[in-house]
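First the proteins, then the strands, lettered A, B, ... as listed; each starts at 1. Not measured: the values here are computed from a predicted model.
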Amino acid sequence: MASAIGSLPQHPETTEKSRPVPENSEANGGAGCPAQDPDVGSHGADPLPGKKDLFIEADLMSPLDRIANVSILKQHEVDKLYKVENKPALSSNEQLCFLVRPRIKNMRYVASLVNADKLAGRTRKYKVIFSPQKFHACEMVLEEEGVFGDVSCDEWAFSLLPLDVDLLSMELPEFFRDYFLEGDQRWINTVAQALHLLSTLYGPFPSCYGIGRCSKMSYELWRKMGEEEDGETKGRRPEIGHIFLLDRDVDFVTALCSQVVYEGLVDDTFRIKCGSVDFGPEVTSSDRSLKVLLNAEDKVFNEIRNEHFSNVFGFLSQKARNLQAQYDRRRGMDIKQMKNFVSQELKGLKQEHRLLSVHIGACESIMKKKTKQDFQELIKTEHALLEGFSIRESTSYIEEHIDRQVSPIESLRLMCLLSITENGLIPKEYRSLKTQYLQSYGPEHLLTFSNLRRAGLLTEQAPGDTLTAVESKVSKLVTDKAAGKITDAFSSLAKRSNFRAISKKLNLIPRVDGEYDLKVPRDMAYVFSGAYVPLSCRLIEQVLERRSWQGLDEVVRLLNCGELAFTDMTKEDKASSESLRLILVVFLGGCTFSEISALRFLGREKGYRFIFLTTAVTNSARLMEAMSEVKA
Amino acid sequence: GPLLQSERPSTPGARARSGLGLMNRTKGDEEEYWNSSKFKAFTFDDEDDELSQLKESKRAVNSLRDFVDDEDDDDLERVNWSGEPVGSISWSIKETAGNSGSSQEGREQLKSRNSFSTYTQLPKPASTYSLSSFFRGRTRPGSFQSLSDALSDVPPKSYAPELGRPKGEYRDYSNDWSPSDTVRRLRKGKVCSLERFRSLQDKLQLLEEAVSMHDGNVITAVLIFLKRTLSKEILFRELEVRQVALRHLIHFLKEIGDQKLLLDLFRFLDRTEELALSHYREHLNIQDPEKRKEFLKTCIGLPFSAEDSAHIQDHYTLLERQIIIEANDRHLESAGQTEIFRKHPRKASILNMPLVTTLFYSCFYHYTEAEGTFSSPVNLKKTFKIPDKQYVLTALAARAKLRAWHDVDALFTTKNWLGYTKKRAPIGFHRVVEILHKNSAPVQILQEYINLVEDVDTKLNLATKFKCHDVVIDTCRDLKDRQQLLAYRSKVDKGSAEEEKIDAILNSSQIRWKN
């Protein structure tokens, strides 16, 4: 399976990155994007010629499924497929290949297999392929476990998975926790490389904007790569006019809200995984589940994905009526017309019929679930938090959620939303909510609370002291030589969310005279029922309008991004006016379908065309789970 | 045996049985394509040859795509019973796993698999999976079209930058790399000896270079080297003033599980709370309840915040109680003498459950026990200072589940000093009603509690929702709301007692209707 898995470097220890060969990509129903072709290069130099068993890490299965399949692996002499899990391998093959994320636990697993073989006096060949890249810490573990040299390593730079016509995902959900909780910058190189690849494909980006520390670092590293490999993009016509990089922690609020546009709601309810969703029997109304690919190819889905949920029913029933009418035309047809109908239209109609029934089933199921959990009440509370009224009532609503042991993730999400919109909880409430939470969901969540505090998602207002006093103390400390002594508690205090002030400055809560017509949205707030314009999207809108951060100084300061908002314009005469309409938005730490819908709307309004690159598609539950210390 | 070992040819019968659309392409097609001479070996030598070959294969692929698009791509993918597309990798892995056991499901899958051919299907519609549909519909030359188009006019070198490099570089193990060159090589994943960085100054310069590059992988690589070559005091001291690197070391130590060094580091940094939490985290890896309990005991004296100290103490006490309750109840259950355990066998052990769950359990199985026993609800309430609200909510849920309506009644009944009884609910009677309804309480019980709801609108809504006709009718009468009563009349069954009652009220001359 040489080609499927990558080339064998001349010296396994030196492991040169095997670069994929773009032209082959389409062959495997390919992702079209060269760097991720599983059929990486070197058909001749087989890293592991002959029959082999392949162990794949669970997280990589879905992405791989999007671009390859069993028969392709078979072409490359893969005999059996296994999932990497903490169990002894039953494989009797002489060659074992592992396709994994660069994680310590995977290295320990491989090492234990190799060492068990050694004990049994068995020799096999082992190859580990890291996706998207190898980490030095992984090699260190192999070395420590005494299997370095027994195992050869390779990389498969599969870092951009096109999920849809305008959406590229790096499929790195762990990015969020690694960077925003642990402060580990290990994925910045991966991001920079993805950007580098895109710029080699589409030419330089005439204007670059960004906000957030991670954005800035990724941008700088990407620039450095460009300088090192000078000349490659020189002279290329820019095809994408703007690139906008944004850190997730610039806007936690949007990601914490319940989603009400169809695609977001489907994600919140059923979890879209790698662009497809498993609809269970409750949706398919049969005894089996159905895996459905959700993208622009699905004509029905494409028309409702960005709609507020309240519009979807009407649309679907209209569609159903039309379909019925089309089928009904058969009556009164003569043989020839019938033949035409069957050969030309029937298939399309059948297809539409199938899609309609899937989405109707999904809507029904969503409605049932939402009614059961009193969604109306929940949304009301969220809106109150966003607008900053009835805080008392919202707090007792959250309290009741906790007391009744409603989903732990949901309770946590609401607490975070309360904290960020209110600049932290007042100490008495923080303590009481935390105590109740631990009593309802388990004392070990103490660790979760510590994580949330470190990430700035759930904080406590400083007792007694006014915040400004604490801040000045902190800033004094910073200038002190003992800068290192500042604890995380202090740094999260220093980073107040200032949501209310930002919201006012950016006009995030639209003033509504009368009803907000969700059928004819007038602004991006429609993705949250007209109650709130997503902060992230508003920032992008404002910067694109000004072509800079000028005039947004106060907002940037409130976002704690004083030094971290940047603009970089290269004079690019060659950029066509059309390319200037094209904007690549990069979300570091994940973006939600609601944000995508909002920007698609903005694009339609302003004549832009947005493409999204995200480390992963996310939602409130995923963010909370990433912070949770207790694995389900 | 694993799926991939044997072939099962597709037969028309199999297709028909599958009841789903099938792709037309067969294994043969694919094999021919893959084995065609256009896909000869690719090597790092003869660059030019390779490039022209690539161009050629590109054309071949593109023509194939046309062919695929033209096909009858009835895009119903074949799926197996759990919804995975047949032939997908996830599916196949499940097969490998399923076949090793002999579960019903496994056999089921085998059966269904037999009706499919193993290697048909599979060419996924290229358009769905490729970026080429990215910006479809643009036709002007030079305009932004698709990735595949973009590919063709980029010099291929850019995808394989390594190809253009002098080959010597791969084999270069020079020891003379400057810090910045070293860091650059590390970033590219190349092997690079760090041994020449021996003076502290050199080491720190290397670290600073890595930090300024922003690549966490490189920062960690340098830290691994520093950890090995510096005493921990010096390492800690230097990292204390280098926060970015410090965070990387902490995360690295967490990941490789070097708990000892991690705790030393926190101690050095005087981060007492993190030290305590880090130690406490270890309990998650201890499965044995007794051992876990003993471990938690060691956590009690750690320097947590005052608030967290109390939580840790509670955690220990809770597990201690659970162990006692569990042993006792397991014994009672297996003895088979206790009615409640016979009627409602326990579904799971109570060990490591949250406090509220434990309280529910205790209200379910040990409701009437005296305060002196560890398993009694009152004891739990006192020990853990469970708020009234939480207690009532949980007790209500447990007693309602057992349909012990008398206990429910007692839960809300209070006597004042004159001896009058009164109903009081710290959680609001509308909540009580909802919980009762969830546990399918009979109408008379529901009715009683709906009547206790103070807000008239809420009362009316609940009564309507749960079909407590008497409450609805009486409330309308009290509100003198004739219109609403008329409307409700249309909702009750014809000829029912409710209808009669409504009619009697409507005909009554004693009521002064407001509408």
Please classify the contact of [X] with chain A as side chain, backbone, both or neither, using a heavy-atom distance under 4.5 Å.
X	answer
B/Ile256	both
B/Leu186	both
B/Arg431	side chain

Is chain B contacted by the side chain of [X], its backbone, both, or neither, given a heavy-atom distance below 4.5 Å?
X	value
A/Met217	both
A/Glu182	both
A/Asp53	neither
A/Glu144	neither
A/Thr190	neither

Separation of [Y] [atom2] from [X] [atom1] (nearest 0.5 Å):
X	Y	atom1	atom2	value
B/Phe252	A/Met140	CZ	CE	4.0 Å
B/Thr394	A/Asp403	OG1	CG	7.5 Å
B/Asp314	A/Thr435	CG	OG1	8.5 Å

For B/Glu307, give me all partners under side-chain hydrogen bond (donor to acceptor under 3.5 Å, both in side chains), at least two apart in sequence or on another chain.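 Expected list: none.
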
Discussion item. My understanding is that only residues two or more places apart in sequence, or in another chain, count here; which of them pass side-chain hydrogen bond (donor to acceptor under 3.5 Å, both in side chains) with A/Tyr179?
Written reply: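 Listed in chain order: nothing, the list is empty.
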
Worksheet entry | Derivation and outcome, side chain to side chain contact (heavy atoms under 4.5 Å, CB included), residues A/Phe135 and B/Thr220 | CA-CA 9 Å; A/Phe135 286 148; B/Thr220 305; over 6 Å; no

- side chain to side chain contact (heavy atoms under 4.5 Å, CB included) between B/His214 and A/Lys224: does it pass, once the steps are laid out? CA-CA 11 Å; B/His214 308 316; A/Lys224 202 170 277 176; over 6 Å; no

Between [X] and [Y], is any pair of side-chain heavy atoms under 4.5 Å apart?
X	Y	result
A/Asp178	B/His251	yes
A/Glu228	B/Arg187	yes
A/Ser440	B/Gln390	yes

Taking the side chain from A/Gln439 and the backbone from B/Leu355, do they hold a donor-acceptor pair closer than 3.5 Å?
-> no

- A/Leu446 and B/Ile312: CA distance, side-chain angles, deciding distance, side chain to side chain contact (heavy atoms under 4.5 Å, CB included) verdict: CA-CA 9 Å; A/Leu446 200 65; B/Ile312 300 290; 3.4 Å; yes

Task: Interface residue of largest heavy-atom contact number with chain A, from B/His248, B/Met213, B/His283, under 4.5 Å - done: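 Option with the greatest count: B/His248.
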
Greatest number of non-hydrogen atom pairs under 4.5 angstrom with chain B, of A/Leu181, A/Val141, A/Leu221, A/Ile402, falls to A/Leu221

Q | Among A/Arg108, A/Lys105, A/Glu399, A/Arg103, residue most engaged with chain B (heavy-atom pairs, under 4.5 Å) | A |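 Among A/Arg108, A/Lys105, A/Glu399, A/Arg103, the one with the most close pairs to chain B is A/Arg108.
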
Identify the heavy atoms of [X] and [Y] that sit nearest to each other, and give their distance.
X	Y	answer
A/His136	B/Asn217	N-OD1, 2.9 Å
B/Asp215	A/Arg186	OD1-O, 4.1 Å
B/Asp308	A/Lys434	OD1-NZ, 2.8 Å

Working note: B/Leu284 + A/Leu447, criterion side chain to side chain contact (heavy atoms under 4.5 Å, CB included); need CA distance, chi angles, decisive distance, verdict.
CA-CA 11 Å; B/Leu284 292 170; A/Leu447 299 164; 3.9 Å; yes

